[in-house]
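Read the numbers this way: they start at 1 and go in the same order the structure lists the ligands and their atoms.
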Amino acid sequence: VKKNKDAGDVPHIRTPIVCVLGHVDHGKTSLLDRIRGSSVVSGEAGAITQHIGATIVPIDSITSMSGSMKSLNISIPGLLFIDTPGHHAFTTLRARGGALADMAIVVVDITEGFQPQTIEAIQILRNCKTPFVVAATKLDRVPGWRSTEKSPFLKSFGNQNERVTLLIETKVYDIVATLAEHGFSSERFDRVSDFARNLAIVPVSAHTGEGISDLLMVLIGLAQRYMEEALTLTVDGPGAGTVLEVKEEKGLGATIDVILFDGTIRVGDEIAIATTDGVSTTKVRSLLQPRPMQEILIEDRFLRVKEVVAAAGVKVSAPGLDQVIAGSPVRVIGDEPEDVKASIAREMTEINVTLSPEGLIIKADTIGALEALCKELSAHEIPVMRAEVGPVSRHDVIETETIKDPLYRVLIAFNTPVLPDAQDLLKEPAYADMIQFFTGNVIYHILEDYLEWRNNLKR
Ligand code: GDP
Ligand code: MG
């Protein structure tokens, strides 16, 4: 988006990418919403976020939240937040085989504490070596809490009676203890002296805005440190990004929503993309950008720009994007087109999934989703014979029917549509009576449904 104001000889530091993870309903969307000051929660269907959105919060908007931040010498241009539908989506957001996010916020409802999905989230972050901060949210729900709108945590904390103070200390300590069980040393943020060694826990409320400025300050601290030390990614080279979503737009046809994590992309650039028919190339017709502080998924009036610099969320319009695979890489082709195409092809096959000669067939909308579902199935010792990205086709139904073991004669569609002719086939008695079909958007619901069905079958 913007380059550093007073960059001079200093290398351009790109906008760090931040993911928000945590248990369903613990307040991820509300927190992001509070941070960007818009209202996405009310526009969402159901409690679970169904899509992935990105928002850039410029550094000025962040520092203006707190007087003490204005004086800091901050070189990052802002933060790019990605709203992930549950922790599994984090694995979907990949960049060159690793995590797309530079940092993460793990959201935990302070009244409920860590849940299995929260623990899974911190394990994923540990595996990816992604630095994170814990937001202990819904502070205003603590019985007896007296709120002061938008106040820093310590100021509000000082206004509480002894009972509430003690309760908060206990809740935070519970989080510290749980994190310790998982090998993380943590402290309430104001007691952390070395942020490289200790995770910071920031008590916040998305509803009252309390602690939000503290959370952002800790995030910026983490970002400065990691971006300067390890991640001096160029913003000048050929653009590299990850496809969040393929979307049909009125007047534009198929477009791709991309998180650009490196380099620059320009109108007229040749780009390489991964489609269901393999790697192909196309020419960027237009670049549409969300306005700062707005959600790209609900944005309808786009800003047309000539170029976009990492990190940014950008909608790319170009011919031949309808078959692009969500979660796949996008690269601007520079001097070595064959190398770029080969590297995309390699990334697409590096799906970390173990297949068995006997097992179920699964389809999913993205590589990451496929991996996440496979991992969950293998954790329950459920073998998978075939795992593919894309909608459920007639061929998938026919192939499922040929599986010998009735326990595995199962077709799972995770977050992906069923093509009409496949739907018809699934209704035919010859298939309907033979095949078990599961579909859904939440991995553990699919898993529960499968396990319940299997238990009934065995009985
Ligand atoms: P997500 O599933 O993690 O994205 O959670 P949401 O942001 O959708 O929040 C789930 C529910 O918790 C909603 O009803 C929110 O209004 C509520 N909620 C979220 N944050 C807070 C908070 O700070 N205080 C209170 N009282 N409720 C909250
Ligand atoms: Mg949500």
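- The contact set between ligand 1 and H23, taken as ligand atoms under 4.0 Å from a residue heavy atom, comprises 3 (O).
- Side-chain contact between L139 and V204 is absent, with no heavy-atom pair separated by less than 4.5 Å.
- For the side chain to side chain contact (heavy atoms under 4.5 Å, CB included) with W145, the qualifying choice from D140, N161, N159 is D140, the only one to do so.
- A distance-only check finds no donor-acceptor pair linking the side chain of E248 to the backbone of T255 [under 3.5 Å].
- Results of the side chain to side chain contact (heavy atoms under 4.5 Å, CB included) test with D214 over V202, D190, L154, V133 single out V202 as the only residue that passes.
- Below 3.5 Å of separation, one finds no N or O of L139 facing any N or O of ligand 1.
- Using a 30° and 60° split on the angle between ring planes, Y450 and F438 fall in the perpendicular class, above 60°.
- Close N/O approach between V204 and ligand 1 is not found [any backbone or side-chain N/O within under 3.5 Å].
- Listed by number with element, the atoms of ligand 1 under 4.0 angstrom from any heavy atom of K28 are 1 (P), 2 (O), 3 (O), 4 (O), 5 (O), 7 (O).
- The Mg ion (ligand 2) has an N, O or S atom of T29 under 2.8 Å away, backbone or side chain.
- Here D140 has side-chain heavy atoms under 4.0 Å from ligand 1, and that is the only part of it that gets that close.
- Evaluation of the ring pair (Phe, Tyr, Trp, His ring centres under 6.0 Å) rule for F195 yields no partner, not counting sequence neighbours.
- Shown in contact with T137 at under 4.0 Å from a heavy atom are these atoms of ligand 1, numbered in order with element: 23 (O).
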